[in-house]
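Below you'll find the structure, written out as structure tokens, and then a few comments.
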Amino acid sequence: MKAVILVGGLGTRLRPLTCNTPKPMIPLINQPFIEAMLMRLREQGIDEVVLAVQYLADRFRAALGDGEQLGLKLHIVEEPEPRGTAGAVKNVEHLLDGTTFIFNGDVLTDLDLQGMLAFHREQGSKVTISLTPVEDPTQFGLVEMDGEQRVQRFLEKPRPEDITTNLINAGTYIIEPDVFRYVPPNQHYMFERGLFPVVLQTGDAMFGYPSRAYWTDIGKPQTYLEVHHDILVGKANYHIRGAEIAPRVWAQGDVDIHPSALISGPVVIGAGTKIERGARLIGPTVIGAHCSIGSEATIDAAVLWDGNTIGEGASLRSCVLGHNNQIGAKTVVDGGAIISDNCVIGPDNRFDRAIRIWPGTQLGEKAISF
Ligand code: GTP
């Protein structure tokens, strides 16, 4: 079974975390998201995947190769320019030869793919769109169906009085490749605003497949933190790598933890990380590889990527740190702040809101307090 994963988006909403790392390569519980996604697809019977890439293709090639290590055949195809979601699949059409799964590359879901495929085949569908319910439908594109689950209408960000359903497009499709004859070649063309409305007009069979499976778009700062929490508290099905060295505390290789440190799970600690005297790690928290957490520092409900050095008595709460930052002693980072990569933040600074610190920022002692 073949699949195409769309990984060409710019990931603007997650900037500055995506300045140096393409969105699908950002870590989820210390593993590149796309790698975990490929493993999940392999487990669900997909053995050949086309990655529709638009920039930093070499990063994908270096990390994933030809997919052999993950047990599948992988093609990494770079677009000459952004083609949009449907245009990107049109661009790899020559690699498709039958019923194909299409995935947005920024969605974590434990949708039952075989169940969706069986439904697609039973209905003789040309396009099947996975749907998920949301609490506030005004922020999304809604998909209306009839009693037999045939798609009737697409509603983009409707006004409250126009809302007839809470089901949104969940970013997983099954498509018969002949449908791509409706997509103009070498052009920017989208599924939601281009191909799907055309299929509605032509009358080709297009069905919705609602599901209550776990679903999150990892591409927003708030959901990026939330998805870590959901996995660590067991709401989302995800394989956490490493050894469980204490209840709900995972070490992903050799870690050096001072006996006086307090660790209250769920906490994941990357290989080569050192936790100094009296430091406190409070879950749900993920600390990357080769980090150093200074004495009496507190890390609470935060996500740190690899190579971070946290000073004595610093306090990091509900925040994300990219790669290789240095945080000075007694500095406080809180309230959804994002510090990207290679920043040096001096001692006694204080950020307690959702600010974004760009790569390479250098701040002296007591430079910021808000
Ligand atoms: P934002 O810039 O934060 O909105 O991120 P995004 O561009 O990734 O956003 P969006 O949610 O619209 O994209 C949905 C999926 O389609 C993501 O997995 C993107 O990587 C992918 N995608 C969007 N546009 C393109 C494109 O032009 N080419 C390819 N290959 N993939 C795309």
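Read the numbers this way: they start at 1 and go in the same order the structure lists the ligands and their atoms.
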**Report entry** Polar side-chain atom of Asp341 near backbone of His323 as donor-acceptor pair, under 3.5 Å
**Finding:** yes
Query raised in the report: How far is atom 8 (O) of ligand 1 from its nearest protein heavy atom, and which residue and atom name does that atom have?
Result: Lys23 NZ, 2.8 Å
Query raised in the report: Pick from Tyr182, Phe207, Tyr189, Tyr173: which one makes a ring pair (Phe, Tyr, Trp, His ring centres under 6.0 Å) with Phe196?
Result: Tyr173
Query - Asp348 side chain reached by Val332 side chain, heavy atoms, under 4.5 Å - result: no
Query raised in the report: Any donor and acceptor pair, going by atom type alone, linking the side chain of Tyr238 with main-chain N or O of Leu28 inside 3.5 Å?
Result: yes
**Report entry** N/O separation below 3.5 Å, Pro82 to ligand 1
**Finding:** no
Query raised in the report: Around Arg350, counting heavy atoms of other residues, nucleotides and ligands shown, do more than 12 lie under 6.0 Å from its CZ?
Result: no
**Report entry** atom 20 (O) of ligand 1 - nearest protein heavy atom and its distance
**Finding:** Gly9 N, 2.7 Å
Query raised in the report: atom 16 (O) of ligand 1: which protein heavy atom is closest, and how many Å away?
Result: Thr85 CG2, 3.6 Å
**Report entry** Protein heavy atom at shortest distance from atom 2 (O) of ligand 1
**Finding:** Thr12 OG1, 2.5 Å
Report summary line: Rounded to the nearest 0.5 angstrom, the CG-CG distance for Leu167 and Leu131 is 5.5 Å
Query raised in the report: For ligand 1, which atoms sit closer than 4.0 Å to a heavy atom of Gly84?
Result: 26 (C), 27 (O), 28 (N)
Requested in this report: Determine whether Asn169 and Phe154 make a side-chain contact, defined as any pair of heavy atoms from C-beta on separated by less than 4.5 Å.
Outcome: no
Query raised in the report: Are Ile231 and Asn237 side-chain neighbours, meaning at least one heavy-atom pair lies under 4.5 Å?
Result: no
Requested in this report: Do me a favour and list the nearest non-hydrogen protein atom to atom 30 (N) of ligand 1 with residue, atom name and distance?
Outcome: Glu79 OE2, 2.4 Å
Query raised in the report: Side chain, backbone, both or neither: which part of Asn104 comes within less than 4.0 Å of ligand 1 when only heavy atoms are counted?
Result: both
Query raised in the report: How far is atom 17 (C) of ligand 1 from its nearest protein heavy atom, and which residue and atom is that?
Result: Asp106 OD2, 3.6 Å
Query raised in the report: Is Val53 close to ligand 1, meaning an N/O of one under 3.5 Å from an N/O of the other?
Result: no
Query raised in the report: Under 3.5 Å, is there a donor-acceptor pair between the Gln252 and Asn30 side chains?
Result: yes
Query raised in the report: How far is atom 31 (N) of ligand 1 from its nearest protein heavy atom, and which residue and atom name does that atom have?
Result: Gly8 N, 3.0 Å
Query raised in the report: Looking at Gln54, which atoms of ligand 1 are within less than 4.0 Å of one of its heavy atoms?
Result: 26 (C), 27 (O), 28 (N)
Query raised in the report: Do Glu81 and His188 have side-chain N/O donor and acceptor atoms under 3.5 Å apart?
Result: no
Report summary line: Under 4.0 Å from one or more heavy atoms of Ala88, ligand 1 contributes atoms 28 (N), 29 (C), 30 (N)
Query raised in the report: Any idea which atoms of ligand 1 are less than 4.0 Å away from a heavy-atom of Gly105?
Result: 18 (O)
Report summary line: among protein heavy atoms, the one nearest atom 9 (O) of ligand 1 is Arg13 NH2, 3.9 Å
Query raised in the report: Looking at Arg83, which atoms of ligand 1 are within less than 4.0 Å of one of its heavy atoms?
Result: 27 (O)
Query raised in the report: If you measure every N/O of Leu10 against every N/O of ligand 1, is any gap under 3.5 Å?
Result: yes
Query raised in the report: For Leu14, is at least one N or O under 3.5 Å away from an N or O on ligand 1?
Result: no
Requested in this report: May I ask you to decide whether Glu35 forms a salt bridge with Arg241, counting only side-chain N to carboxylate O separations under 4.0 Å?
Outcome: yes
